[in-house]
J.: 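Just passing along the structure, written as structure tokens.
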Amino acid sequence: MIGAAFVAVLVLFGSVAGFLIWRSKSANAELTGQLGTVKKQLETDKATASANASMSAATINDKFGKAVVYIEVAWRLINTQNQARVFHQYMPNDRAALTRFLRVNYGTGPIDASGAPTLPVYVQVGDTYEPLLTYTQRGELTQPVGGRHTGTGFIVTNDGFILTNRHVAATWKTSYQFAPDTPKGIVLTQSGIHNQLVAPPRDWVPANTRQEGRQLQGDFKGVNDTLDITLPRKENRIAAQLKQVSDRHDVAMVKIDVPGQVTKVELFDNYNELKKGEMVTILGYPAASPRVYGVIQSQDVFNRTAQLKIIPDPTVTATNIGNIIRDEDDPAKRDKTVSVMGDVIQLATGSTGGGNSGGPVFDDRGRVIGIFFAGDQQNAITYAVPIRYGKEFLAGE
């Protein structure tokens, strides 16, 4: 009897011990699971806090500066039918001959001609005037329609798609910039010639020219003879291709082909929620910023010529949003709001300028919310296109 009781006690003790061990393991497992959940939540909260944390301009430059590229462009206007290059017609500045011609043929008085050896010729088109175009080059009596300039862009995909301004990458689709020393010129009309010299027009868009005539039949378009991209702090130029051009906004997309992946920015459309006073950071290559040149000593036995190249390094501008200007055409509203500049983000800046066009405008969390495109340097006000009009080029956006 004593032996049976002892065995029973052992069995009971074993059962209790087993239960206690199982309960301990279960509690440990539950505690481990709870600790894992808490750890994951802490990591999620940390990541969320990090994503929502404000970045300094220096941090944004460190993180995304490699995605901001330097653009060099050389372009010309051609006719789509015959591929001929288009020139602006000039005429000799012979005041006596011109005065006599006007008096005999049109009965008008003399023109107060400038001291320039040649005068540009314009033609009346509707209520404005355009450069008189020709396909024949005649030395000083013609000037090619085209130009050279630099700008900024930023990489938006790891395989090399880049956003910039339309006036940077497809310049023939924007108001033409005549040379600063272009003299006043002659305007031809259906009834003769104006007897007053005029300054170059400010609103002529080469691709939209409205001149008529047998010689000018066909459409006009521009071609980029040079569209080169240089990555920050690099010397090698990469040829790019123009891929898309917006018909409504100052936005264009170009593409470079490079092996591997390149640094890209994050795009964020917050135009509807954007508020005045919010801090932003602009990266780009203003022409006024001092250049850094690299002396490239060739090691090619077949070409020993040294080269001098700009080594681009983006300028960082920390500023704030001065105003948000919108076009509104909401059918639910009685009145339509019209902006003379379209939808733009107005910035208050002091270190941007020509050459900065096409640069990214970052919010305080390092996301691109706009594309820098224009400015009034005299009043230290500049403007950006909302990034939503760049995102339109990306599939799935």
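Only heavy atoms go into these numbers, but all of them, side chains included; no hydrogens, no water, no symmetry mates. Each residue takes its place number in the sequence, starting with 1. All values reported here derive from a predicted model rather than from experimental measurement.
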J.: Table please: side-chain donor-acceptor pairs of residues 254-267 below 3.5 Å, with sequence neighbours left out.
T.:
residue	atom	partner	partner atom	Å
K255	NZ	D159	O	2.9
K255	NZ	D257	OD1	2.9

J.: Heavy-atom count around K66 NZ within 6.0 Å, excluding the residue itself: above 12?
T.: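 Count not over threshold, so no.
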J.: Is the closest side-chain heavy-atom distance between Y129 and V198 below 4.5 Å?
T.: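 Yes, side chains in contact.
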J.: Check the orientation of F178 and H88. Use parallel for under 30°, tilted for 30 to 60°, and perpendicular for over 60°.
T.: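 Perpendicular, since the angle between the ring planes exceeds 60°.
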J.: Are I78 and F220 connected in a single hydrophobic cluster, I mean Ile/Leu/Val/Met/Phe/Trp/Tyr linked by side-chain heavy atoms less than 4.5 Å apart?
T.: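 No, F220 and I78 fall in different hydrophobic clusters.
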J.: Are more than 12 heavy atoms from other residues, nucleotides or ligands located less than 6.0 Å from atom CD of Q83?
T.: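 Yes - once you tally the heavy atoms of other residues, nucleotides and ligands closer than 6.0 Å, there are more than 12.
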J.: Are any side-chain N or O atoms of T157 and backbone N or O atoms of F161, one a donor and one an acceptor, separated by less than 3.5 Å?
T.: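 Yes; at least one donor-acceptor contact below 3.5 Å.
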J.: Can I325 be reached from I381 by stepping across I, L, V, M, F, W or Y side chains whose heavy atoms are under 4.5 Å apart?
T.: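 Yes, because I381 and I325 connect within a single hydrophobic cluster, where side-chain heavy atoms sit under 4.5 Å apart.
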J.: Using atom types as modelled and distance alone, determine if a side-chain donor or acceptor of Y285 lies under 3.5 Å from a backbone N or O of V68.
T.: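 Answer holds: yes.
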J.: Within the distance-only criterion (no hydrogens, no angle test), does the side chain of T281 pair as donor or acceptor with the backbone N or O of T317 below 3.5 angstrom?
T.: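 No; zero donor-acceptor contacts below 3.5 Å.
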J.: Do F64 and L394 share a hydrophobic cluster, counting only Ile, Leu, Val, Met, Phe, Trp and Tyr and linking them when any side-chain heavy atoms are less than 4.5 Å apart?
T.: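 Same cluster.
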J.: Scan residues 228-242 for pairs that pass side-chain hydrogen bond (donor to acceptor under 3.5 Å, both in side chains), counting only residues two or more places apart or in two chains.
T.: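 Output for this query lists E72-R237, T230-R237, R233-D313.
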J.: Can any side-chain N or O of R76 pair as donor or acceptor with the backbone N or O of D225 at less than 3.5 Å?
T.: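 Between the backbone of D225 and the side chain of R76 there is no qualifying donor-acceptor contact (under 3.5 Å).
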J.: Side chains of R365 and N270: do they bring a donor and an acceptor to under 3.5 Å?
T.: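 No - no donor-acceptor pair under 3.5 Å links their side chains.
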J.: Okay, side chain of T382, backbone of A374: is any donor-acceptor separation there less than 3.5 Å?
T.: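 Checked: no pair found.
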J.: Can we say D269 and K391 salt-bridge, meaning some charged N sits less than 4.0 Å from an Asp/Glu carboxylate O?
T.: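 Result for this pair is no, no salt bridge flagged.
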J.: Using a cut-off of 6.0 Å, state whether more than 12 heavy atoms not belonging to D247 lie near its atom CG.
T.: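 Result for CG/D247: open.
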J.: When you measure from the side chain of E130 to the backbone N and O of T209, does any donor-acceptor pair fall under 3.5 Å?
T.: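 Not a single qualifying donor-acceptor pair exists.
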J.: Is there a side-chain contact between H167 and S357 (heavy atoms, below 4.5 Å)?
T.: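 When only atoms from C-beta onward are counted, S357 and H167 do touch, with a gap below 4.5 Å.
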J.: If you round to the nearest 0.5 Å, how far is CD1 of I324 from CG of L274?
T.: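 L274 CG to I324 CD1: 4.5 Å, rounded to 0.5 Å.
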J.: Tell me if a side-chain donor or acceptor on T189 pairs with a main-chain N or O of Q124 at a distance below 3.5 Å.
T.: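 No, the answer is negative, given that no donor and acceptor are paired below the 3.5 Å cut-off.
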J.: Should K63 and I60 count as side-chain neighbours, where that means a heavy-atom distance under 4.5 Å?
T.: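 Of all side-chain heavy-atom pairs linking I60 with K63, none is under 4.5 Å.
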J.: Is there a side-chain contact between V205 and T174, using heavy atoms and a 4.5 Å cut-off?
T.: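 Result no, sub-4.5 Å side-chain heavy-atom pair not found.
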J.: Report yes if the side chains of L283 and F362 come closer than 4.5 Å at any heavy-atom pair, otherwise no.
T.: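 Yes, side chains in contact.
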J.: Could you tell me if the side chain of F268 sits less than 4.5 Å from the side chain of V368, heavy atoms only?
T.: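 A side-chain contact under 4.5 Å is absent here.
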J.: Any chance you could measure Y383, atom OH, to N323, atom CG, to the nearest 0.5 Å?
T.: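 It comes to 9.0 Å.
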J.: Less than 4.5 Å apart, any side-chain heavy atom of Y122 and any of L132?
T.: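 No; the side chains remain at least 4.5 Å from each other.
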J.: Taking everything shown except R202 itself, do over 12 heavy atoms lie less than 6.0 Å from its CZ?
T.: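 12 or below, so no.
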J.: Decide whether a cation-pi geometry holds between R138 and F87; the criteria are a distance under 6.0 Å from NZ or CZ to the six-membered ring centre and an angle within 45° of the ring axis.
T.: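 Ring-cation test returns no.
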J.: Are I371 and V361 side-chain neighbours, meaning at least one heavy-atom pair lies under 4.5 Å?
T.: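 The answer is no; the side chains never approach within 4.5 Å.
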J.: Establish whether V223 and W172 are linked, either directly or via other cluster members, by ILVMFWY side-chain heavy-atom contacts under 4.5 Å.
T.: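 V223 and W172: separate clusters.
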J.: Could you verify whether a donor N or O on one side chain and an acceptor N or O on the other, from E140 and T118, lie under 3.5 Å apart?
T.: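 No pair is found: no donor N or O on one side chain lies under 3.5 Å from an acceptor on the other.
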J.: Do V121 and L197 belong to the same hydrophobic cluster, where Ile, Leu, Val, Met, Phe, Trp and Tyr are linked whenever their side-chain heavy atoms lie under 4.5 Å apart, directly or via other members?
T.: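 Yes, it is one cluster - the side chains of V121 and L197 are joined through contacts under 4.5 Å.
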J.: Under 3.5 Å, is there a donor-acceptor pair linking the side chains of Y135 and N79?
T.: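 Present: a donor and an acceptor within the cut-off.
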J.: For Q89 and L141, indicate whether the former's side chain and the latter's backbone hold a donor-acceptor pair under 3.5 Å.
T.: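 Yes, Q89 side chain to L141 backbone: donor-acceptor pair under 3.5 Å.
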J.: Relative to the ring of Y176, is the ring of W75 parallel (under 30°), tilted (30 to 60°) or perpendicular (over 60°)?
T.: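 Plane angle over 60°, so perpendicular.
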J.: Hey, is the main chain of S56 close enough, under 3.5 Å, to the side chain of D364 for a donor-acceptor pair?
T.: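 No, the answer is negative, given that no donor and acceptor are paired below the 3.5 Å cut-off.
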J.: Do any N or O atoms from the side chain of D62 and from the backbone of G65 form a donor-acceptor pair under 3.5 angstrom?
T.: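 Not at all, since once roles are kept as given, no pair shorter than 3.5 Å links the two residues.
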